[in-house]
Amino acid sequence: MSSVFYVTTPIYYANAEPHLGHTYTTVVADMLVRWNRMHGREAWSVSGTDEHGEKMVEAAEKAGTSPQAFTEQISAVFQRTWAELGIGPSAFVRTTNPKHVANVTKLLQKVWDEGWIELREYEGLYCVGCERFLTERDMKDGLCIDHERAPERRRETNYFFLMSRAFGWLRQYIEEHPDFIRPERYRNEALAMLRDESGLGDLSISRPKDRLDWGVELPFDRDHVCYVWFDALISYLTGAGYPDDPAFEARWAVAEHLIAKDILKPHAIFWPCMLHALGIPPYKHLSVHGYWNVDDRKISKSLGNVIRPLAMRDRFGFDAFRYFLLRDMSFGVDSVFTEDALVARINADLANNLGNLVSRTLNMTGRFCDGRVPEPEEPGEAEDEVRAAAETAARAVDEHVEKLEPARALEAIMRLVDATNRYVDQREPWKAAKDESRAGELRTTLFTCCQSLRAIAVLLLPFVPDSATEILSRLGVPELADEARLPDSALGFELPAPGTETRKGAPLFPRIDSSELSEGED
Ligand SMILES: [Zn+2]
């Protein structure tokens with residue numbers, strides 16, 4: 001496996017502040033970066049804001065300001081939000097950034113020079129929301145299906161990227177690389193789009209400047225600006241350091257794009273075709289997740305059901321919130337967000353299960369062993385079982401993260417928590433503590449609990465970093481939370497060593513009483 005890892009979130013459209021969908025993708029990217037760093041890889045992540053296009057001009061007008069001032073402000077909110085939540089990317093690309101604009105200009109020229117662009121007269125039905133001409137299949141009852149608004153009849157001269165020339169190549173590439181687009185349902189969708197080319201055709205990549213001047217100028221015709229997707233997709237190259245960062249090639253060779261399913265077509269079709277025309281190898285994986293529906297409806301500002309990540313952090317703690325996101329969405333499938341589900345998940349997994357194991361292990365180590373990890377006797381069958389459960393969990397986490405199944409990885413960790421809690425219940429160390437003749441057994445039990453809890457915390461690091469770090473610190477092994485490659489001993493049953501000083505601390509995940517929660521709401 002490569003020693004480099006490179007992941008991108010979409011370059012988010014900067015016409016509104018970050019919501020649940022943005023937060024989910026960004027949390028998955030952050031989890032992958034942390035997990036890869038633990039495995040000794042150099043991990044690089046890119047996020048950003050897509051700031052050009054007609055929709056942006058519309059949004060700025062509505063806000064009574066210029067596109068420049070408007071995107072400046074929204075982009076700053078995105079950057080600040082991710083930084084405050086501790087999930088900021090390695091590089092943040094704004095599509096208005098001069099370095100990015102220089103890349104887009106250079107690459108447009110290259111595609112033009114190689115004969116992949118053609119000037120055409122075009123007339124059709126145009127949706128401002130989609131920023132493109134619609135085909136029959138994009139409409140229902142005369143309205144754009146995605147935007148539920150009537151398209152305008154427009155006639156204009158546009159430059160077209162001759163994308164359809166690359167369809168044969170792309171179809172074969174997808175067929176030969178089964179995990180190029182994943183999960184499989186989206187790969188099948190992409191292949192279906194390519195089978196029925198009438199719905200795709202070539203891609204208009206320009207707008208006449210007299211109608212839209214907010215965009216990157218075409219280097220071969222200054223009277224036009226670049227169509228928004230062509231510009232935005234290139235930010236994945238800019239973010240990886242294209243063209244002059246020495247790390248670019250190694251990063252690009254393993255590029256992993258994370259997106260939500262609404263932007264499958266630009267990423268599964270436009271982007272590989274663009275890369276093909278540019279002579280740049282395709283990305284390694286496109287990983288597509290479903291929608292978060294809030295109370296069973298799609299999130300939208302007009303429905304008033306927008307979930308703001310900072311508000312969630314203030315109410316529940318960000319680790320609890322990100323745990324819920326990673327645990328309750330099966331990657332690729334739509335999921336429902338309700339506050340009841342969030343509270344139920346926090347209480348069941350974090351407060352009752354994990355929180356209980358943390359507090360009983362550290363409380364009893366404090367009370368019965370002077371707060372130090374005790375010296376165990378020879379492990380028996382029960383101890384071997386806990387150890388085997390930890391090894392199974394570690395293998396399962398690796399396997400599921402590699403297949404981009406964070407929910408199943410967390411399930412595996414919770415199975416280890418269950419197994420350890422069951423072990424404590426069976427050994428009843430509180431009884432052994434009252435019986436002098438069981439002193440050795442007591443020490444073995446609490447030693448085993450400390451070992452298992454340490455394994456759990458290490459496995460949880462990429463998912464709930466702050467809480468996992470706190471557990472390791474209470475166990476007296478804070479160095480294991482270091483982002484550098486984990487020592488092999490971190491997963492064996494050798495740490496924390498007997499004699500290590502532990503600390504009790506306050507409940508990590510206090511139980512949430514949902515009846516109290518609803519009182520404070522509007
Ligand atoms: Zn539309």
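Atoms within each ligand, like the ligands themselves, are counted from 1 in listed order.
Judged as a side-chain contact (heavy atoms from CB on, under 4.5 Å), and not counting sequence neighbours, the contacts of A63 are T65, F70. Under the side-chain contact (heavy atoms from CB on, under 4.5 Å) criterion, D245 pairs with A247, R251, sequence neighbours left out. Listed by chain and residue number, L461, A481 satisfy the side-chain contact (heavy atoms from CB on, under 4.5 Å) test with T469 (two or more places apart in sequence, or in another chain).
Note on ring orientation: taking the six-membered ring where Trp is involved, the planes of W112 and F220 are parallel (angle under 30°, cut-offs 30° and 60°). Ring geometry, W169 versus H276: the interplanar angle falls under 30°, so the pair is classed parallel (tilted spans 30 to 60°).
Between D179 and K284 there is no salt bridge, since no side-chain nitrogen of the basic residue lies less than 4.0 Å from a carboxylate oxygen of the acidic one.
Around the Zn ion (ligand 1), the protein contributes the following N, O or S atoms under 2.8 Å, ordered by chain and number: C127 SG, C130 SG, C144 SG, H147 ND1.
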